[in-house]
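A quick write-up on the structure given underneath.
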Amino acid sequence: TQLLEQSPQFLSIQEGENLTVYCNSSSVFSSLQWYRQEPGEGPVLLVTVVTGGEVKKLKRLTFQFGDARKDSSLHITAAQPGDTGLYLCAGEDVNAGKSTFGDGTTLTVKP
Amino acid sequence: DTEVTQTPKHLVMGMTNKKSLKCEQHMGHRAMYWYKQKAKKPPELMFVYSYEKLSINESVPSRFSPECPNSSLLNLHLHALQPEDSALYLCASSQDPPLAGGHETQYFGPGTRLLVL
């Protein structure tokens, strides 16, 4: 059973478009992270959200943590080719006693 | 500084070889992790060390043997691997262990790309 459901799995858009990636679970998370990973490299941390309802902005990226701390979203405005990569959400599951990753969203931004 | 370093970056080994992967962090983090990642899949947790002691082993085959010589170093010893073990091996660290009520965000190294022939 996948604790963190991430959608969509694949996303291909044109430069300048907006997009949203979702991370959902039936479990409560004490914190949730979003990472971006390029092929052959390690995941790079983008943000950690901790408080239910929290919204964080990082330039063109907006991250939201659900009020119940069971879901999160990543919104990218005016996507650029440099945003291409694998986006992963990960969370500390209070019931499982460890962190878990979503399946990832492969984003391709075409010039 | 949130840097985790891993060596080597690439490794090719035969099924009868013995090799080791190394990971280092100097952030004073108290938890360190090994993950295995196949192409276009999320990382899969293998081991967690908390305060230099093995706290989680995700039923990993004994041909993978972790070692934590001190609070900054984490090794993964490899012996008699199979071709299906070829993958990107990632090390990560966090200030506090999972669900300790502290700072659990994990910072990843660049990985070691392993090919088993």
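This one's a predicted model, so the numbers in the text were calculated from it and none came from an experiment.
Residue Leu81(B) is grouped with residue Met46(B) when hydrophobic side chains (ILVMFWY) are merged at heavy-atom distances under 4.5 angstrom, including chains of intermediate members. Leu88(B) and Leu76(B) are not part of a single hydrophobic cluster, where members link through side-chain heavy atoms under 4.5 Å apart. The hydrophobic clustering, which links ILVMFWY residues whose side-chain heavy atoms are closer than 4.5 Å, places Trp34(B) and Tyr49(B) together. The hydrophobic cluster containing Leu73(B) does not contain Phe64(B), counting ILVMFWY residues as joined when their side-chain heavy atoms lie under 4.5 angstrom apart, directly or transitively.
Inter-residue side-chain proximity for Pro42(B) and Leu4(A) is flagged as unmet; no heavy-atom pair is nearer than 4.5 Å.
The distance from atom CD of Glu92(A) to atom CG of Asp96(B), rounded to the nearest 0.5 Å, is 10.5 Å. The CZ atom of Phe101(A) lies 6.0 Å from the CD atom of Gln106(B); values are rounded to the nearest 0.5 Å. With values rounded to the nearest 0.5 angstrom, Leu86(A) atom CG is found 11.0 Å from Lys41(B) atom NZ.
Contact annotation for Gln9(A): neither backbone nor side-chain heavy atoms come within less than 4.5 Å of a heavy atom of chain B. The part of Gln33(A) that comes within reach of chain B is its side chain, from C-beta onward, which places non-hydrogen atoms under 4.5 angstrom from that chain. If you measure heavy-atom distances from Glu44(B) to chain A, you find no contacts under 4.5 Å at all.
Within 6.0 Å of NZ in Lys19(B) there are 12 or fewer heavy atoms belonging to other residues, nucleotides or ligands. Remark: Lys38(B) NZ is packed, more than 12 non-hydrogen atoms of other residues, nucleotides or ligands lying under 6.0 Å away.
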For residues 42-55 of chain A, dump all side-chain donor-acceptor pairs below 3.5 Å to protein atoms at least two apart in sequence or in another chain.
residue	atom	partner	partner atom	Å
Thr48(A)	OG1	Thr105(B)	OG1	2.7
Glu54(A)	OE1	Val50(A)	N	2.8
Glu54(A)	OE1	Thr51(A)	N	2.9

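The residues Glu41(A) and Lys9(B) are annotated as salt-bridged, a charged nitrogen and a carboxylate oxygen being separated by less than 4.0 angstrom.
In this model, no donor atom of one side chain and acceptor atom of the other lie less than 3.5 Å apart for Ser99(A) and Glu104(B).
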